[in-house]
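Remarks on the structure that follows.
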2 protein chains.
Amino acid sequence: MSLAFVILGLLQQQQRTGYGLKTECFDDCIAHLWQADQAQIYRTLDKLEAQGFVTCTVEIQHDRPNRKIYTLTEAGTAAFTQWLQTHHPSPTLREPLLVQLHFAAQLSDVAIAHLLEQELEARQEKLAACEALQNMAPAESNLSPDDLSSLRGQTMQRLVLELMIQREKVYLDWLQTAIATIQPKSESKD
Amino acid sequence: MSLAFVILGLLQQQQRTGYGLKTECFDDCIAHLWQADQAQIYRTLDKLEAQGFVTCTVEIQHDRPNRKIYTLTEAGTAAFTQWLQTHHPSPTLREPLLVQLHFAAQLSDVAIAHLLEQELEARQEKLAACEALQNMAPAESNLSPDDLSSLRGQTMQRLVLELMIQREKVYLDWLQTAIATIQPKSESKD
DNA sequence: GTCCTATATATGTCTAGTCCTATAGTAACA
DNA sequence: TGTTACTATAGGACTAGACATATATAGGAC
């Protein structure tokens, strides 16, 4: 379960609550890297606590629900460092659209173009989200106190974002040329 | 469940057994598009039969285990055509390596390069597999009798393969430049 | 003779992830 | 005054997929 290690990585930066992990991390700065469900985050935190990788202190609040603040233990740090250094194969990718295109011989050009255009739209949004993150990134990292390692961190994070943006652009290009290939003459219609 | 529709698409081409689907399709011509587990194929066939999308005739064999030959029904064809035309969002991609790089500030250059190199190797294999399919594709499709729609089908399948190959190449390029970025001076060491 | 592979179907179990709902107080909004 | 949103944790139910194993026969390799 890689999610467990993502959480360890986030807790290494600072102690957090489940809610904080969800709203400040998984929905925000690493949304492009690892989307995570709230329920799964809480359940994973329970497991990590049982394993002794994190400890939990309850902060009693009266105007709001109590918070469970999770902190990384030494065992947790060790496990994370170990994970960080070992290769984990990427999961097999299964894209319905590509299967649809594979079987698309029986579809009309219009139907195929429609599928491609819907994907195009979805991917333009994803690209925009990545580019937004890229613009936001420098501002956010000003806070970091340790300059030596934070520079390395920034470089790596920029590299990762660049890959994601490049990929999206390649896909968008392909989608556009595919649409053009399918509708060579037609001027447009809607 | 997209697997169900992949199976319907394959059965539309010709009737097949579960074993045939696995060995001749999922492990072969559409291995790049949709990897599927044998157990899952059989269970999905059961469901499709229960739904009335396929029918099953048992062919008794004496020297070998009996075969259950599945054929697409009209309802199955209709369901498949419907699925083929509607947009199905791509699943969220979660890549451990990118998370690792995101947190890689604390790792040494050597450790990071090692991670990248392992991914590079895995991806070179994937690219090779895709390129092998690309070279194989024309020969395989000679068998098709209906020339009109088979040409369309070939075009689409070529397009899909081109996308996958392009993607792999972009990723490989990025991996190589990332490795170069991390190890700017060092000549190598192992 | 034994082991491995191919043909063929089927079941059990597990993990990761998604979605929905419950709880419960405060605060803003209309 | 009712509704919605925010903070915060938690459990139930379900799906897709991965992995392991069982069964049974034939044939080739060693």
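Below, chains carry the letters A, B, ... as their sequence lines are ordered, and counting in each starts from 1. The shown structure was predicted, so the numbers you read here are calculated from the model rather than taken from an experiment.
Under the rule for a side chain to side chain contact (heavy atoms under 4.5 Å, CB included), the partners of B:Q157 that lie at least two apart in sequence or sit in another chain are A:H102. By the side chain to side chain contact (heavy atoms under 4.5 Å, CB included) test, A:E24 is found to be paired with A:R16, residues two or more places apart in sequence or in another chain being considered.
Side-chain N/O atoms of A:Q124 and A:E168 include no donor and acceptor closer than 3.5 Å. Using modelled atom types, one finds a donor on one side chain and an acceptor on the other under 3.5 Å when comparing A:Q12 with B:Q106.
Ion pairing of A:D109 with B:R152 is present here, as a side-chain N (NZ or NE/NH1/NH2) and a carboxylate O approach within less than 4.0 Å.
The nearest whole Å value for the distance from the CG atom in A:N66 to the C1' atom in D:dA10 is 14 Å. Atom CZ of A:R67 and atom P of D:dA8 are 5 Å apart (whole Å). The NZ atom of A:K47 sits 18 Å away from the P atom of D:dT9 (whole-angstrom rounding). Atom CG of B:L48 and atom P of D:dA16 are 11 Å apart (whole Å). Put simply, CD1 on A:I60 is 16 Å from C1' on D:dT7, counting in whole angstrom units. B:D27 places its CG atom 12 Å from the P atom of D:dA18, with the value rounded to the nearest Å.
When all heavy atoms of B:C29 and B:L133 are compared, the pair lying nearest together is O-CD2, 4.2 Å. The shortest non-hydrogen separation linking A:L98 to B:R167 is CD1-NH1, 4.2 Å. Of all the heavy atoms in B:A36 and B:F26, the pair that sits closest is CB-CD2, 3.6 Å.
Contacts between residues 4-22 of chain B and DNA chain C, counted as heavy-atom distances below 4.0 Å, involve B:T17, B:G18, B:Y19. Non-hydrogen atoms lying under 4.0 Å from DNA chain C are contributed by A:D37, A:A39, A:Q40, A:R43, all within residues 36-43 of chain A. Shown for residues 75-103 of chain B: no residue has heavy atoms falling under 4.0 angstrom of DNA chain D.
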Using a 4.0 Å heavy-atom cut-off to protein, can you give one letter per nucleotide of nucleotides 23-28 of chain C, 5' to 3': B if the base is in contact, S if only the sugar-phosphate is, - if neither? -B-S--
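Nearer to the 5' terminus of DNA chain C, by closest-nucleotide assignment, is the contact made by B:T23 (compared with the other of A:Q35 and B:T23).
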Using distance only, find each side-chain donor-acceptor pair of residues 40-52 of chain A under 3.5 Å and give its atom names and separation, not counting sequence neighbours.
residue : atom : partner : partner atom : Å
A:Y42   : OH   : A:Y19   : N            : 3.3
A:T44   : OG1  : A:Q40   : O            : 2.6

Sequence neighbours excluded and cut-off under 3.5 Å, please list the side-chain donor-acceptor pairs for residues 79-86 of chain B, or say none.
residue : atom : partner : partner atom : Å
B:T81   : OG1  : B:T77   : O            : 2.8
B:W83   : NE1  : B:H88   : NE2          : 3.1
B:T86   : OG1  : B:Q82   : O            : 3.4
B:T86   : OG1  : B:W83   : O            : 3.2
B:T86   : OG1  : B:H88   : NE2          : 3.2

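Within the structure, side chain to side chain donor-acceptor pair (under 3.5 Å) pairs that include any residue of residues 55-76 of chain A comprise A:Q15-A:T71 (at least two apart or interchain). Sorted by first and then second residue, the salt bridge (charged side-chain N to carboxylate O under 4.0 Å, His left out) pairs involving residues 110-121 of chain A (not counting sequence neighbours) are A:E119-A:R123.
B:R94 contributes no side-chain N or O that, together with a main-chain N or O of A:L33, makes up a donor-acceptor pair within less than 3.5 Å.
In this structure, B:L116 and B:Q118 have side chains that are not in contact, with every pair of non-hydrogen atoms separated by 4.5 Å or more.
As a member of the Ile/Leu/Val/Met/Phe/Trp/Tyr network built from side-chain separations under 4.5 Å, A:I69 groups with nothing else and remains a singleton.
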Taking Watson-Crick (N1-N3 plus N6-O4 or O6-N4) and G-U wobble (N1-O2, O6-N3), each under 3.5 Å, can you produce the dot-bracket string of DNA chain D? Use [ ] for crossing pairs and | for inter-strand ones. ||||||||||||||||||||||||||||||
Show, in sequence, the C-alpha distance, side-chain angles and deciding distance for B:V110 and B:I182, and conclude whether the side-chain contact (heavy atoms from CB on, under 4.5 Å) test is met. CA-CA 8 Å; B:V110 187; B:I182 284 159; over 6 Å; no
